[in-house]
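See structure below.
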Amino acid sequence: MTDKPSQTLYAAFAARIDAVLAALEKEGHLPPETSRANVSVEPPRDPSHGDLATNAAMVLAKAAKTNPRALAEKIIEHLARDPLIESADIAGPGFINLRLARQNWITELRAIAQLGDDYGKSTIGDGKRVNVEYVSANPTGPMHMGHCRGAVVGDALAALLEFAGHEVTREYYVNDAGGQVDTLARSAHLRYREVLGEDIGDIPEGLYPGAYLVPVGQAAAEEFGARFQAEPEEEWLPIFRAFAVERMMDLIKSDLALLGIRHDVFSSEAALQAAQKPEAAEAWLREHDLVYDGVLEAPKGKAPPEDWEAVELPLFRSTKFGDDQDRPIKKSDGKWTYFGADLAYHMQKAEKADALIDIWGADHSGTVKRIKAAVAALSEGQGKPIPFDVKLVQMVQLLRGGEPVKMSKRSGNFVTIADMVEEVGKDVVRFSMLTRKPEAQMDFDFAKVIEQSKDNPVFYVQYAHARISSILRKAADQGVAPSADALDTLGEHELDVIKQAAQFPREVEAAARAREAHRIAFYLYDLAAAFHALWNMGNDDPGKRFIVGQDPAVSSARLFLASQIGQVIRNGLALLGVEAVEEL
RNA sequence: GCGCCCGUAGCUCAGUCGGAUAGAGCAUCGGAUUCCUAAUCCGGAGGCCACAGGUUCGAAUCCUGUCGGGCGCACCA
């Protein structure tokens, strides 16, 4: 989405290598205007290969009419003159492996200290406005497990994009205009009558049976008295709808708060319709022959629906944009379909954004094509093509000790977010949701994440941070403070951990580009592992501890290192919305 | 029947723009604790990257097909 150059340490060396290639071109070793697009400069998987590797010689050999190793020789001649590069070697089929001079890492360590909470921030977003819509659960009840993953993934992604230099709007679309909120209103009215003393018996089929509506009935009774008890539905339906939706949204917001999630904008579908946005969209689409009146084909499902009949409806030409079928924007009763309103809604979002991202549950995968088609049609047609990404979040299977947790929506018996957070804690819920790529299905086993808490990655990362906090407390007691004065005393093993920490800005950029917040979780795990390994060296050899009794200079340098590792862990956890604890 | 997602070690999963000998945790086997938090660390064993073709210097990664699992296929939301 943006070509703004990166400013990480690694990017700096990529630029140096690019400069070398430009020089070679000038010297005639490379033909003019050779594309260097496929040249990569990145840390090799195997650290024994050095700090950085480039495939430049392999990619460009053909253009240079030579073999990769010969070209690599030329490249290395230049690189060897760079004082920040300690060594450059040719390996394998023609890779060039670089070992960076020690001072690069020391400089990076100081940078962490200087930048603090800002370390890892990137400008690749270039201030572009990105609207991330997530959760958008129907306002008909408390949030349950099915909403959880999308909520966490969306929230972490929003934080990540913000950190990477985007201007992010966190948005929630409130579906307060469809049939479900009418059902909600009727269900609430029934509870209202119950509170007023009526015997309502069993909740009829088709209404929401959940006990969470009892307080709504209570509140309605307090608000309206008996005014609507025996009135016909037309009298109270709109009133109860608005009343109940507002309370459901309060409920949802408090559930979200338990997860540490707060949206910037709540957009109401009813308000959108009242403002006649769908009409405007339809008019424009009709003008451009993208909406026409036509008849839908019969559904192709396994069993043909008995009550299906051909009806003429206004259809959007989504097939023109790769969809399998044109899609109705209005129902036969004249009301907008969900899609009809949704396309207008996306236009509304697009007015104030440079890019849109929707986080949806996988059960909506079938509607991705049509909404992408709509956004493409409207935004391109109006001269402002807008990047639009729909991220599908797969289902989470809830388990307890390997057994599926039984849930039934009909009886209103489902595991809520509030239950979950109460049982295992916000940090565990959030981190767990981010330790799997969102598009893969996952299991969430209550027994596993709490009973075997030591096997849980979130504790592993938090433990590293807690250890760092602990060592700094201990040092303070002994009158030793972190200091950058003697960083020259840091050894190879310490340098290895700095190298790991130095990857953070790069990970942030890669994750932001891919729009995958889970990468940060995995990165933090690796960083924590590197720290734990360093720590344990002190168990075998007291001279390798952070606090070395006889040597305040060495101690202060190592404490400085520890302190900066803690800083990076904090910065990463902040993106995930997980607390960096001082003690475990 | 069609569309989307997934398939990597016994289990749960990573795998950067297509790069070098495919990685981690759990489980398993063997070690480390008079010591800054052992909720940790070190080592061993464990692989047809579902299968078959293709693209190219190079494929777990991209393309095609097959098989397997999930989700969806109303004018619902």
Side-chain angles (χ1 to χ4, degrees), chain A residues 37-40 42-46 49 53 55 58-59 61-62 68 91-95 97 136 138 140 175 177-181 269 296 298-302 305 307-308 311 313 323-325 327-333 335-340 342 361-369 392 394-395 397 435-437 439-443 445 448 452-457 459-460 462-464 466-467 469-475 478 506-507 510-511 513-514 518-519 521-522 525-526 529 531-542 545-548 555 558-559 562 583-584:
Chain A
N38 290 329
V39 173
S40 73
E42 53 191 31
R45 266 195 247 271
D46 184 345
H49 291 145
N55 62 356
M58 280 156 27
V59 174
K62 202 181 257 180
F95 286 101
N97 291 333
S136 297
N138 288 333
T140 55
N175 299 129
Q180 292 195 4
V181 284
E269 181 184 1
L296 277 181
K300 292 243 167 39
K302 46 269 152 182
D307 57 345
W308 187 85
V311 184
L313 293 168
D323 201 356
D324 320 305
Q325 198 177 9
R327 305 291 175 175
I329 60 171
K330 271 185 183 172
K331 302 185 257 183
S332 50
D333 65 1
K335 290 182 182 165
W336 296 102
T337 60
Y338 180 85
F339 172 63
D342 203 27
D363 51 342
H364 289 74
S365 63
T367 61
V368 172
K369 280 184 179 177
L392 290 179
Q394 284 289 340
M395 305 283 115
Q397 165 125 356
T435 45
R436 208 131 310 172
K437 54 185 172 187
E439 65 270 26
Q441 294 153 236
M442 75 178 284
D443 293 341
D445 194 321
K448 247 181 201 161
Q452 304 178 4
S453 61
K454 59 181 169 183
D455 295 337
N456 196 304
F459 292 110
Y460 185 83
Q462 286 182 319
Y463 183 42
R467 272 183 155 174
S469 303
S470 162
I471 193 74
L472 292 171
R473 282 194 300 269
K474 192 120 194 164
Q478 300 179 13
R506 199 175 157 273
E507 292 289 340
R513 282 202 174 95
H518 72 275
R519 292 190 193 191
F522 285 97
Y525 188 90
D526 290 342
F531 177 78
H532 285 311
L534 182 63
W535 175 286
N536 267 74
M537 286 181 185
N539 285 343
D540 302 332
D541 176 358
R545 288 179 201 161
F546 286 88
I547 303 174
V548 186
S555 299
R558 290 182 185 173
L559 290 168
E583 292 176 76
L584 215 58

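Each chain gets a letter, A, B and so on, in the order its sequence line appears, and its residues count up from 1.
For the side-chain hydrogen bond (donor to acceptor under 3.5 Å, both in side chains) test, residues two or more places apart in sequence or in another chain that qualify with A/D46 are A/S48. Scored by the salt bridge (Lys or Arg N to Asp or Glu O under 4.0 Å) test, A/D363 finds no partners at all (sequence neighbours excluded). Every residue meeting the salt bridge (Lys or Arg N to Asp or Glu O under 4.0 Å) condition with A/R519, not counting sequence neighbours, appears here in chain and number order: A/E516. A/K330 meets the salt bridge (Lys or Arg N to Asp or Glu O under 4.0 Å) test with A/E282; sequence neighbours excluded. Remark: A/Q180 engages A/N138 in a side-chain hydrogen bond (donor to acceptor under 3.5 Å, both in side chains) (not counting sequence neighbours). Legend: residues meeting salt bridge (Lys or Arg N to Asp or Glu O under 4.0 Å) with A/D323, ordered by chain and number and at least two apart, are A/R327. Under the rule for a side chain to side chain contact (heavy atoms under 4.5 Å, CB included), the partners of A/S470 that lie at least two apart in sequence or sit in another chain are A/R473. A search for side-chain hydrogen bond (donor to acceptor under 3.5 Å, both in side chains) contacts involving A/S136 returns A/E133, not counting sequence neighbours. Scored by the side-chain hydrogen bond (donor to acceptor under 3.5 Å, both in side chains) test, A/R467 finds A/Y463, A/H532 as partners (sequence neighbours excluded).
One P atom belongs to B/A45, the other to B/G30, and the distance between them is 15 Å to the nearest Å. On the C1' atoms, B/G54 is 25 Å away from B/U16, given to the nearest whole Å. Nucleotides B/C5 and B/G10 have their C1' atoms positioned 26 Å apart, rounded to a whole Å. With P as the reference atom, B/C42 and B/A50 are 29 Å apart, rounded to whole Å. Look at the C1' atom in both B/G23 and B/A14: the space between them is 7 Å, to the nearest Å. Comparing the C1' positions of B/U8 and B/G72 gives an interatomic distance of 27 Å, to the nearest angstrom. Annotation: B/C49 and B/G31 have their P atoms spaced 34 Å apart (nearest Å). Remark: the separation of the P atoms in B/C71 and B/G19 is 33 Å, to the nearest Å.
What separates CG of A/N55 from P of B/U16 is a distance of 15 Å, to the nearest Å. The CD atom of A/Q397 sits 17 Å away from the P atom of B/C11 (whole-angstrom rounding). Rounded to whole Å, atom P of B/C76 lies 11 Å from atom NZ of A/K335. Spacing between atom CE of A/M442 and atom C1' of B/C71 amounts to 17 Å, rounded to whole angstrom units. The CE atom of A/M395 sits 19 Å away from the P atom of B/G69 (whole-angstrom rounding). The nearest whole Å value for the distance from the CZ atom in A/F339 to the P atom in B/C73 is 16 Å.
Residue contacts for A/P542: at a heavy-atom cut-off of 4.0 Å it reaches no nucleic acid atom on any strand shown. Contacts of A/A464 with the nucleic acid, taken as non-hydrogen atoms under 4.0 Å apart, are absent. The residue A/A514 sits apart from the nucleic acid: no heavy atom pair falls under 4.0 Å. Within 4.0 Å of A/A475, counting heavy atoms only, lies no atom of the nucleic acid at all. Backbone-only contact: A/G179 has heavy atoms under 4.0 Å from sugar-phosphate atoms and none from a base. Within the 4.0 angstrom heavy-atom criterion, no nucleotide atom of any strand lies near A/D445. Note on A/N539: a base of the nucleic acid sits closer than 4.0 angstrom, heavy atoms only. When heavy atoms are screened at a 4.0 angstrom cut-off, A/Q462 is found touching no nucleic acid atom at all.
Atom NZ of A/K331 is surrounded by more than 12 heavy atoms from other residues, nucleotides or ligands within 6.0 Å.
Aromatic stacking of A/H49 on B/A20: satisfied, with centres closer than 5.5 Å and planes within an angle under 30 degrees. An aromatic stack links A/F95 and the base of B/A20, using centre distance under 5.5 Å and interplanar angle under 30°.
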So what's the dot-bracket for RNA chain B: Watson-Crick or G-U pairs under 3.5 Å, [ ] if a pair crosses, | if it pairs off-strand?
-> (((((((..((((.....[...)))).(((((.......))))).....(((((..]....))))))))))))....

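Closest to the side chain of A/H364, out of B/C17, B/A77, B/A38, is B/A77. Nearest to the side chain of A/R545, among B/A77, B/C36, B/C75, sits B/C36. Here the side chain of A/K331 is nearest to one of B/C75, B/A24, B/C71, namely B/C75. Ranking B/A77, B/C17, B/A20 by closeness to the A/R519 side chain, first place goes to B/C17. With B/C36, B/U16, B/C13 as the candidates, the nucleotide lying closest to the side chain of A/S470 is B/C36. Of all nucleotides listed (B/A39, B/G25, B/C75), B/C75 comes nearest to the side chain of A/L296.
Put simply, A/R467 has a side-chain N or O that comes within less than 4.0 Å of OP1 or OP2 on B/A38. Residue A/Y460 has no polar side-chain atom (N or O) positioned under 4.0 Å from OP1 or OP2 of B/U37. Taking side-chain N and O atoms only, A/W336 has no distance below 4.0 Å to OP1 or OP2 of B/C75. At least one side-chain nitrogen or oxygen of A/R436 sits closer than 4.0 Å to the OP1 or OP2 atom of B/C13. A/H518 has a side-chain polar atom (N or O) that falls below the 4.0 Å cut-off from OP1 or OP2 of B/G15.
A/P328 approaches A/T337 most closely through the heavy-atom pair O-OG1, 3.0 Å. Residues A/P44 and A/A53 approach most closely at CD-N, 3.9 Å, considering heavy atoms.
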Report each atom pair, protein N/O against N/O of nucleotides 2-9 of chain B, whose distance is under 3.5 angstrom.
residue	atom	partner	partner atom	Å
B/G3	O3'	A/K369	NZ	3.3
B/G3	N2	A/S365	OG	3.3
B/C5	O2'	A/E439	O	2.5

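A/F522 and A/H518 have perpendicular rings, their planes meeting at more than 60° on a 0 to 90° scale where under 30° would count as parallel. Using cut-offs of 30° and 60° for the angle between ring planes, the A/Y525 and A/Y460 rings count as parallel.
Of the two residues contacting RNA chain B, namely A/A533 and A/N38, the nearest-nucleotide position lying further toward the 5' end is that of A/N38. Toward the 5′ end of RNA chain B lies the nearest nucleotide of A/D46, the other residue of the pair A/N536 and A/D46 mapping further downstream.
Atoms CD and CG, on A/E269 and A/N175 in that order, are 5.0 Å from each other to the nearest 0.5 Å.
Side chain of A/R436 to backbone of A/Q441: no donor-acceptor contact under 3.5 angstrom is found.
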Contact string for nucleotides 54-65 of chain B, one letter per nucleotide 5' to 3', B = base within protein heavy-atom range under 4.0 Å, S = sugar-phosphate only, - = neither, reads ---S--B-----

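Judged by distance alone, with hydrogens and angles left aside, A/R513 brings no side-chain donor or acceptor close enough to the base of B/U16 to form a pair under 3.5 Å.
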